**Q** 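Here's a structure for you.
Please read these numbers as outputs of a predicted model, since none were measured by experiment. Each chain gets a letter, A, B and so on, in the order its sequence line appears, and its residues count up from 1. The basis for the numbers below is simple: all heavy atoms, side chains too, and nothing from hydrogens, waters or symmetry mates.
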Amino acid sequence: KAGVTQTPRYLIKTRGQQVTLSCSPISGHRSVSWYQQTPGQGLQFLFEYFSETQRNKGNFPGRFSGRQFSNSRSEMNVSTLELGDSALYLCASSTAPGQSQPQHFGDGTRLSIL
Amino acid sequence: AQSVTQLGSHVSVSEGALVLLRCNYSSSVPPYLFWYVQYPNQGLQLLLKYTTGATLVKGINGFEAEFKKSETSFHLTKPSAHMSDAAEYFCAVSNYGGSQGNLIFGKGTKLSVKP
């Protein structure tokens with residue numbers, strides 16, 4: 001069974017640009033969550049989607065947005081990039097939402113802002 | 001409110017020695033607890049999870065963890081460290097969604113294994 005696939009693995013952008021990251025969950029998994037990982041802040045929750053609906057949203061500015069498609073694939077978008085957006089962005093999928101469901105992570109997209 | 005504290009941001013052990021990574025949690029309800037491992041340039045891999053039932057949980061790669069409700073702890077152990085265990089380990093506690101999502105992570109403990 002294929003794992004969670006995130007594309008691209010690496011991205012370099014400049015300030016003010018926008019970026020779209022993609023996540024394909026494990027087959028059969030319908031819940032997708034996104035996290036930002038930085039050395040200073042650790043793992044921070046961005047948002048969670050289930051059945052094309054955003055269920056939860058973390059404390060990030062409106063520049064961060066996401067969506068989920070009918071096949072459970074998800075994208076996140078960051079507009080007007082800032083230097084502080086440099087991070088590893090991780091996507092995780094689970095069979096369904098809920099605190100008992102283990103999340104399975106992809107290898108992430110490393111975003112560098114110049 | 002749920003929270004996780006991992007004691008020690010860096011732990012160093014010799015190959016063959018006991019590995020002990022500490023995790024304490026705070027939860028207003030019976031928690032679900034998880035340990036994840038992250039190797040360089042990779043995502044997080046689930047090592048083990050505690051939901052209900054047996055308090056001693058066995059995971060992959062020879063790791064295990066014991067849920068101790070009275071101590072609000074979920075420490076991760078491995079009897080004999082291997083060089084390949086060098087990685088960063090994250091403890092996580094379940095949460096009821098909202099702005100922190102379904103999982104709250106600790107800050108992580110970086111494990112080094114000396115030959």
**Q** With respect to chain B, which residue among A:P102, A:G106, A:G108 yields the maximal number of heavy-atom pairs within a distance under 4.5 Å?
**A** A:P102

**Q** Are A:M76 and A:F60 in one and the same hydrophobic cluster, where Ile, Leu, Val, Met, Phe, Trp and Tyr link if side-chain heavy atoms are under 4.5 Å apart?
**A**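 As far as the 4.5 Å side-chain criterion goes, A:F60 and A:M76 are connected within one cluster.
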
**Q** With a 4.5 angstrom heavy-atom cut-off, could you sort out which part of B:F90 is near chain A: side chain, backbone, both or neither?
**A**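 Just the side chain, heavy atoms under 4.5 Å.
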
**Q** Nearest 0.5 Å please: distance from the CG atom of A:D107 over to the CD atom of B:Q45.
**A** 10.0 Å

**Q** Looking at A:H104, A:Q6, A:Q103, which one has more heavy-atom pairs under 4.5 Å with chain B than the rest?
**A** A:Q103

**Q** Does A:K57 NZ have over 12 foreign heavy atoms under 6.0 Å away?
**A** yes

**Q** Same cluster or not: are B:V37 and B:W35 linked, directly or through other Ile, Leu, Val, Met, Phe, Trp or Tyr residues, by side-chain heavy atoms under 4.5 angstrom apart?
**A** yes

**Q** Above 12 or not: heavy atoms from other molecules or residues under 6.0 Å from CZ of A:R15?
**A** no

**Q** Does NZ in A:K13 sit with more than 12 non-hydrogen atoms of other residues, nucleotides or ligands closer than 6.0 Å?
**A** yes

**Q** Are A:V32 and A:V4 connected, step by step, through hydrophobic side chains (Ile, Leu, Val, Met, Phe, Trp, Tyr) whose heavy atoms are closer than 4.5 Å?
**A** no

**Q** Taking side chain as everything from C-beta outward and backbone as N, CA, C, O, which of these in B:L44 sits under 4.5 Å from a heavy atom of chain A? Side chain, backbone, both or neither.
**A** both

**Q** Side-chain heavy atoms nearer than 4.5 Å, only ILVMFWY residues, links allowed to pass through others: does that put A:L88 and A:L114 together?
**A**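 Shared cluster, no.
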
**Q** Among residues 39-50 of chain A, which ones touch chain B with a heavy-atom distance under 4.5 Å?
**A**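 Listed by number, the contacting residues are A:G40, A:Q41, A:L43, A:F45, A:E48.
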
**Q** At what distance, to the nearest 0.5 angstrom, does CG of B:N41 lie from CZ of A:R9?
**A** 7.0 Å

**Q** Flag yes if A:Y89 and A:I26 sit in one hydrophobic cluster, no otherwise; membership is Ile, Leu, Val, Met, Phe, Trp, Tyr, and two members link when side-chain heavy atoms are under 4.5 Å apart.
**A**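 In one cluster: no.
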
**Q** Heavy-atom distance under 4.5 Å to chain A: side chain of B:Y36, backbone, both or neither?
**A** side chain

**Q** Are there over 12 heavy-atom neighbours, none belonging to B:R22, within less than 6.0 Å of that residue's CZ?
**A**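 At most 12 heavy atoms, drawn from other residues, nucleotides or ligands, come within 6.0 Å of this atom.
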
